[in-house]
Every structure is written in structure tokens, then in C-alpha cells.
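These notes concern the structure reproduced below.
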Amino acid sequence: MISEKSLDLVESHQAYGGTQGVYRHSSRSTGTDMIFSVFVPPHEDGATLPVLWYLSGLTCTHANVTDKGDYRRACAENGVIFVAPDTSPRGDDVPDDDAYDFGKGAGFYVDATEAPWATNFRMRSYVEQELPEVIAAAFPVADMTRHGITGHSMGGHGALTIGLRNPDRFRSISAFAPIVSPLNCAWGEKALTGYLGADRYAWRAYDACALIEDGARVAALLVDQGDADQFLSEQLKPELLKAACDTAGIDLTLRMQPGYDHSYYFISTFMADHVKWHAERLGSGGQMNRYDVVIVGAGHAGAQAAIALRQAKFTGSIAVIGDEPDLPYERPPLSKDYLAGEKPFERLLIRPAAFWTERDVVMLLGQRVTAVDAEAHTVSIGADAIGYGHLIWAGGGSPRRLTCDGHHYSGVHSVRTRADVDAMMGELAATRQVVVIGGGYIGLEAAAVLTKLGKHVTVLEAQDRVLARVAGEPLSRFYEAEHRAHGVDVRLGVMVAAIEGEGERVTGVRLIDDEIVPADMVIVGIGIVPEVAALIAAGAEGGNGVNVDRHCRTSLPDVFAVGDCAFHANDFADGAPIRLESVQNANDQATCAAKMIVAGDTDEPQPYHAVPWFWSNQYDLKLQTVGLSIGYDQTVLRGDPAQRSFSLVYLRGGHVIALDCVNATRDYVQGRSLVLAGSSPDPARLADTNEVLKELV
Ligand SMILES: N[C@@H](CCC(=O)N[C@@H](CSC=O)C(=O)NCC(=O)O)C(=O)O
């Protein structure tokens, strides 16, 4: 099994059908010999297994967990390799301190910068870089693409910080009684002052809470903490991690274990839980993880699919795979309150982290599905396959990008994800002039917020009116006038030729007549491209998204598609096939798919038939839309735009099909019945604000 001559075997024992070994090697990081232990569970020839790293606490060597950790049975059952390094360099020439919490046995998983520690105390490099290379070379059975990390106390701090700094490498992170914030406890202050010096800013890379505050994101964390732990209140402070995770929207499972102290009796009690938790996220034993329902996409549609399944008493396993690192959050506020800085991210979460945990919905975040095998019922994330019983594809869309020269300059932004808007917000202080390309809802909402923030905003729209794709002319002209009144330079019928820049940074937008509109920032709001490539490549019918039937089924067996990417015949578009990019459609189609899955072969639930609605907030204007105006042949203006409260009613063949209501919530609420019934009231009565809409049904 060991293929590398540079490792000395210190001892080896058979355990649970596998091999527990202890090894010594010469480390380039620490300049000393280092000892570590590895348990390799029983496995078939040629198999590769995921690796769980365990980092030990103060005073420990590899031996504490190896002797007292109780991990081998769980690792054998779940097919997980267990690696336990030492906690510091050792040797007569290595500097030390008399106290137990500094020097040998207390390396704190940092690369020290202060004398005399800087020479040998390089445990960050050792654990992050060198030892993985050693394991890869010596243990061909180790799958170096599937790592999890855990640890205890100081080692819990090591696991959290190494995992948070390397989310692409460590797919699962847990800890036992970790030091969550060395910046805020005596152990941490002493160690980090000694190893890194007095500049506390340099400590932040070694503090889990600070890393999260500074933007580090992972899908989930599991922490067990005994409430009888003697170090709980002074050193460990799990409440700080909870606050940081709550703010960041990280799914932290913090289990306070009554009566447990800080010892290995506590660790060994919960070790099997942790091994299993990691195995679920790593794909254990060279075998594929399988879920009864896999939901691809962690936006509104993906989240609602999971919610609706559990509401319908679905008891099977559910995994949600999302390519962003965050738990499902609401997208509409991104271009409104979030961009304005009026709503923190945690208030955007569709459900709090605990909701998903309590309902046993596994969130596989920061992962992108690259292929679907419809016959094998698997999705691939790179080289890894995940099996499904049913697949709900809720992939949404990615923002349509510019293709003209200069589209790559920094300062050119889309508005689709939290990361897009965070990047934009980070540049706002240095931004005076913004060009918004695209006069649709996203572009106009961003223009309204940025104008309120004091920026000079120009909107470039290729058509001869804003909102041309989605609204009637009176509404377009109203919004055009509103934006102009707020100081926005609205340019209609203009075409972009190129983005201009200097160095790496955008400086303006060149129009086809060669005029350059100066810009410190450019926002591109020109629609989305449905994310369905993997599904189409697997054989699903589609073109503009993926085709679905009236129950959101694709042409592939057991595969549903919902939300922005689902091309469906919509009853409110006279049965025409369309894609609908709205929260309403995402939620209602997800619910429809979930009900179909729960019904199985026994029943056929109602097909998708939901009245479309939508909203947009710009300045003090609240636009609420009900129905779809597609194919309208008549509009009726109800109320006076000059009063900034009115509705535009759309009719087709005399029947009401939609209403756009500006600061007119009563019309919106009552108009729903007209749309649902397909009413054909007298247009003169519709226009008369003294008429109550619900009486015209
Ligand atoms: N004063 C004690 C403190 C050492 C201690 O409790 N170490 C813990 C880790 S504490 C945080 O990192 C430990 O794991 N000890 C080893 C064990 O086997 O229990 C002392 O000096 O012992």
C-alpha cells in the first residue's frame, strides 16, 4: 500500500479489516521529522476512498486520537481514510515554552512569522500543502479530490480555518469543541501574538469567525460542544461562530451536548456521527452517493421544490446542489434593497440554515453539475457521480454577457448573484458614473438605487422604449419619465459598440456612432441564458430552455424541470409555450413537480395552472403585475399616471389578460379575478376608477 520510500513505518496494526499505521518522514515545512497516523479501511483493489483529516488539540500528538478517538469502526463502515498529524514540530532544536499552550504541542496550525518560531512552526504549510502531497504519493487509495477536515479544540480551530480558507479542497468541515475565535480568547491571543506578532489584522486568516466576516463561505459546518466543557466560556465561545454563520447564511449545526466535558470521552462519543456526516458529503467508500430526489439549482425553484416535498410528507432523501456557496436566498432584492445596503444578506435567506437541517435536506453548495446520465439516473459534479431517483432541474439561468470588445474589463457587472452585487457594492465608493446597459426591470431597478445613492446614471436601451419586452407603451413612457425626473440619462434606440477601458478598468461605453459615454461602472441587464446545457446534452428536448409538459416533466424519465429554464405551455399565454422568469413561476412549478413525485403512480395531481404575478420597486413606485400581457390587442388606462397611481389593463379579444398596477395594490388584488376568469368587461367601466374591479368579473 505504501509506495513512497521516504516514509518510515513506525507501527502498523490490522483493525476492522483495515490498517492503522503510524509513519515518520522528514518535513520540508518544519525542518524536522514529523509523525502522523493513517487508518485505511478495507477496500477493493483499485478503489479510491475519501480522506478525513483530524487535527488534534493542545498538548496532543497524533497518538491521542489514534489511541482514544474511536473512529476506526465508523471509517471502516463508511469507507473513509483517517489522517491524524502532529500538532507542532518536535525535536531538541525546536524552540519551546514552559506553558502547555504555546510552543511544542501548540502549533495552532499557523505559519509563524516571529523569531524564534518562524523557522519550524509552519504547521499551516505542513497540513495544507506538504502532508497532502505526502499522502497522495504514499497512498494511491486516497482520493485527493475528496477531503473533509475535523479536529478538536485547537485542532477544531485548525479544521475550521483550513477548511474555510480552502473550500474547494475540503468539501466537509466539522469540529469538536473548537476554539472558534483566537482573536477573542486567551489561548488565541497568547499563541497568535507569539507566532505572528502584535498586528491583529494578520491574525484574521487564523480565526474562523474573522474569516467568515471577511467573506469565506462554505455550505455547512457541524460542531459538537459539551456544555460541561471546562473551557467553554473562556476559550471556546461557540456563540461567536453561531453569530458569524447566522450573519453569513452558513448552515451551522451546533449541537450542545449536555454533560459532556472537553475530553476524548466526549470526542469518541460523537466521532462516528462526524465520520458519517463527512462520508455523506464526500461520497463514501468509492461508492456513489444517492438521493431519492436530487434538485439541481439552489435558487427559488430549487428551494421550493425541497420545501414542497417535505410539506407533502415526502420522507425520502433530498439533496439540493447549487453552484453558489450560499444557502438559497431571494434574488429580487439583489437589485433593490440589497444593492441599496438596506437589507443584510441574512434577511435574504429563503429559510434559515436550521430549517434545511431539521428537514434533512442535504445542501451540496458551491458545486456545479456538469453532466446528467438519464439512463443511469446520475448527475456528475466533475469526476463524481451522484445517483437520483427523481431529478428536479431548477438550474435557472446565467446572465447574458456582452460579447463586444472590452466586455472583460473590471467594473463591468451583471446582477444575478450575491457575488455579483457584492462585487458591485465593493466598488461603489470609487464610482461616480454608472452606465446601465438594458432598460428592463433589473437595469431600471439598479438605476433607481444607484441614483438614490448619488451616482450619475445613464441607461442605454436598444429599443425605442424601456420595458419594451414586458409592458405596454404607456407604462414604458411613465417609467422613462420617472427616471428622467430623477436625473437618469435615459437613451433609447442606442447600440453599444464596445466597452472602453484603461489598464484593466472600464472607463466608458462606446456607442455605434462612436460617442463614448463615460463610466466608472457598467451594469449589464440584458436577460439570462437558461442553464440547461447538461440536460440537453443528456437528451432532453429543448431549445429555449428545456421543454416540459403540464406537470413539469421533461422528455427524460423521472426528470422534471422548473422555474426560469422550463419551457412550458402557459394557460395565461393562451397556451403558448414560454419561459417565465419570476419567483411565482419558480415556486408554483416547483410545487407542481414535488406533488407529482409524491403522488407517484397512484394519482395525477392538477397540472400547472397558476396566475402569473410579478413586482418591481423603483423609487417610491411599487409596480405589481398580474397575468401575462403577451399578445394583447388593447390597453385601457385606469387612473392618472400624473398622480403616480394607476393601472394599465391589457385585453386580448376583449378579455382581460393582465394588469400592470403602479401604486395601485387594490387594482392588483382585484384584477387577479378578472385575469383568472378571463372576464370581458366594458373598457369604459374598466377605465373608470369609481368602478370596483371585482364587480366587473
Ligand atoms: N491543562 C491541560 C490542557 C490540555 C488539554 O486539555 N488538551 C486537550 C486539548 S485542549 C485544546 O486544544 C487534549 O486534547 N488533551 C489530550 C487528551 O488526550 O485529552 C493539560 O495540560 O493537559
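Just follow the structure's listing: the first ligand is 1, and inside any ligand the first atom is 1.
Residues satisfying the salt bridge (Lys or Arg N to Asp or Glu O under 4.0 Å) test with Glu358, not counting sequence neighbours, are none. With sequence neighbours excluded, no residue forms a salt bridge (Lys or Arg N to Asp or Glu O under 4.0 Å) with Asp33.
Taking the six-membered ring where the residue is Trp, the centroids of Tyr206 and His157 are separated by 6.0 Å or more. Taking the centre of each ring, Phe108 and Phe102 stay at or above the 6.0 Å mark.
A distance-only check finds no donor-acceptor pair linking the side chain of Trp117 to the backbone of Gly107 [under 3.5 Å].
For ligand 1, the 4.0 Å heavy-atom shell contains residues Gly57, Leu58, Thr59, Cys60, Asn64, Lys68, Tyr100, His152, Ser153, Met154, Trp187, Phe231, His262, Tyr264.
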Show me the side-chain donor-acceptor pairs of residues 340-351 shorter than 3.5 Å, one per line, residues at least two apart or across chains.
none

